[in-house]
There are 2 protein chains.
Amino acid sequence: MYDRRLDALIAAAETGSFAAASRRLHVSTPALVKQVNTFEREYGITVFDRSRSGVTPTAAGAEFIEDARSIVRQSNEIIARMRRRAHTGTPPVRLGISMLRPARRILDLWQREADPRIRVELVSMPDDEVPIDDIIAHLGEDIDAVATAFAPEHWTEVCGTLPISYEPLCMAVSRGNPLSRRPRLRLDDLDGRDGTRTRIRILRRCGGTDDIARDLLERLAGVELVDIDHYDLNLFNECAETGDLLISKPMWDGVHPQLVNVPVDWPRPVGMRYGLLYPADPEPQIRAFVERIGALAGVASEP
Amino acid sequence: MYDRRLDALIAAAETGSFAAASRRLHVSTPALVKQVNTFEREYGITVFDRSRSGVTPTAAGAEFIEDARSIVRQSNEIIARMRRRAHTGTPPVRLGISMLRPARRILDLWQREADPRIRVELVSMPDDEVPIDDIIAHLGEDIDAVATAFAPEHWTEVCGTLPISYEPLCMAVSRGNPLSRRPRLRLDDLDGRDGTRTRIRILRRCGGTDDIARDLLERLAGVELVDIDHYDLNLFNECAETGDLLISKPMWDGVHPQLVNVPVDWPRPVGMRYGLLYPADPEPQIRAFVERIGALAGVASEP
DNA sequence: GCCGCTTACGGAAAACGTAATAATC
DNA sequence: GATTATTACGTTTTCCGTAAGCGGC
């Protein structure tokens, strides 16, 4: 909105030093000096008297700095007004995020080419108390969209779905476990040796995709399956501490520093879709948001 | 002072077309479009609605354009004020210029690195009526400095001199004359053949440098010297029309489109100095101007 | 067919950072 | 010795123009 060199001039006037001003603005000193010099030469004015021990504004320069401050202030106000004007009447898209469902991939896509007409607001989701199903069932009330792994056929009646990638089930392994250094895991690798059974935590049977993995793992004598009700942060903490393995997904890479996700060579594809869940009857701005994300991800959105 | 992209935004709003705006601002259409796009994305706002047949400002965009106009107006006023403040109290340096004494070399040096504290004002000098000597004798009254060829020893008592280059006498030849295509001329080349004598116009003997050239040329039987009192535009016109040669100097390159200056291999150096003449007791700003020009030309100024 | 907006790509210009110099406290 | 302004130089980034594609009048 305004010439960036004004920042350099103002900082130099306030600090009385090109070096100090350059540090404040996080640029090198010669770069800032050049900004000031080119500015002065471009407009044929002298703002600063230089000396070996700093710089001081000229009499006229001091008044100029005041004017420059005014320009900067007004410019900021103008763009703030502009933003406000554009946003009045159009409510934001409230995107739910949490440690277990950080919408990182979605936000990466969004900030690559955001549509300025749509404002995205991040709202916190609990990872523990409220089951994710409840949140999804009430999309459009407090939260408009969530990014998660899901089975599309499960939600077609409840909400809209925008799958943007495939999310194969993998295994979260503690860094102390030699398995964590394998590039991939086969089922044989999971079978316990020497009488010790490998403990694997897995969602208890409830008709979802995880049941396929459970069927495959139950055939292994050296595997002890430990049922879990739902995923939460405490589950990751426990697995990190006990060394138990955990059925995981790529979207949870890096959730716990002690656990690494290792791909598993399942005999047949075992995985879910990853993408956005949004209200079955979305508001216009939500629909626009979903469509833009779909376009950026290179997929078509489904009603 | 302000972001140059504002000009693009305003022009686009006024013309209703990126293409028309680009023509007004003398840039290519894609360049202007990119300016608008990067601006909008940088601040996350939408100023224009695009269509295949032009662009129209958004409701909020139209108000933004008004604000932008205000910023541009204020910025211009601020730098104008700054200039006025800096100049009050310091009178300008009045540099005399005319067709025969265009201070081109001086102005090139000056605009390469002008001192913003010194304001240079160009004032017109007559080439015909008033002899240059009168102007030089009155330096500091209406005109503070002139750029011309001169013999330093002639003026040491009258005014200050700043020689910045050597100006060898050369020959102005009409383009129709085969001599005009020679890279250099020897005295033999000037000697007339077949009974026709080469007419050469030269300053009448008055104790100056030109007398040396006159001495050399008078020995040539095939040369007819035609005396002139002083140099003026009409003299160049006459030589162009009659085909007479004219003792000239490099500083007059391009004064008359029909005449070209060709260097002459004089048996011994025949030339003058080129530079600035200024008052013997110059005002501070004049002294500063002369010193700056001397520094830019790489010579030391002489009192 | 012409004129508008948009995208892609190559080259020119500007900006920056590092390093080195000189002067000051 | 530490800090300052300034210069020089190589590198990176930005900017612009040309060319081409695409859609509307």
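Note on naming: letters A, B, ... go to the chains in the order of the sequence lines (proteins, then strands), and numbering restarts at 1 for each one.
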Can you see whether B:Tyr2 engages B:Asn76 through a side-chain donor-acceptor pair at a distance of less than 3.5 angstrom?
no
Distance check needed: [N] [atom2] versus [X] [atom1], whole Å only.
X	N	atom1	atom2	result
A:Asp49	D:dA5	CG	P	13 Å
A:Arg41	C:dA15	CZ	C1'	16 Å
A:Lys34	C:dA19	NZ	P	18 Å
B:Phe18	D:dC16	CZ	P	15 Å
B:Glu40	C:dC5	CD	C1'	13 Å
A:Asn37	C:dA15	CG	C1'	14 Å
A:Glu42	C:dA14	CD	P	11 Å
B:Leu32	D:dG17	CG	P	10 Å

How would you label the contact of [X] with the nucleic acid (heavy atoms, under 4.0 Å): base, sugar-phosphate, or nothing?
X	result
A:Arg23	sugar-phosphate
A:Arg5	nothing
A:Thr29	base

Phosphate oxygens OP1/OP2 of [N]: is one of them under 4.0 Å from a side-chain N or O of [X]?
X	N	result
B:Gln35	D:dC16	yes
B:Ser17	C:dC3	no
A:Arg50	D:dT6	yes

Of all the choices, C:dT6, D:dT18, C:dC16, which nucleotide is nearest to the side chain of A:Arg4 once you look at every atom?
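Closest nucleotide to the A:Arg4 side chain: C:dC16.
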Report the nucleotide, chosen from C:dC16, C:dG4, D:dA5, that has the shortest atom-to-atom distance to any side-chain atom of B:Ala19.
C:dG4
Using side-chain heavy atoms (C-beta onward) and a distance below 4.5 Å, is A:Phe289 in contact with A:Leu276?
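When only atoms from C-beta onward are counted, A:Leu276 and A:Phe289 do touch, with a gap below 4.5 Å.
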More 5' along DNA chain C: A:Ser53 or B:Val55, using each one's nearest nucleotide?
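Residue closer to the 5' terminus by nearest nucleotide: B:Val55.
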On DNA chain C, compare the nucleotides closest to B:Pro30 and B:Arg52; which residue's is nearer the 5' end?
B:Arg52
Does A:Arg85 qualify as a cation-pi partner of B:Phe64, given the criterion of NZ or CZ under 6.0 Å from the six-membered ring centre and within 45 degrees of its axis?
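Cation-pi check for A:Arg85 and B:Phe64: fails.
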Checking A:Arg105 side chain against A:Ala147 main chain: does a donor-acceptor pair fall under 3.5 Å?
no
Angle class for the B:Phe48/B:Phe18 ring planes (parallel below 30°, perpendicular above 60°, tilted otherwise)?
perpendicular
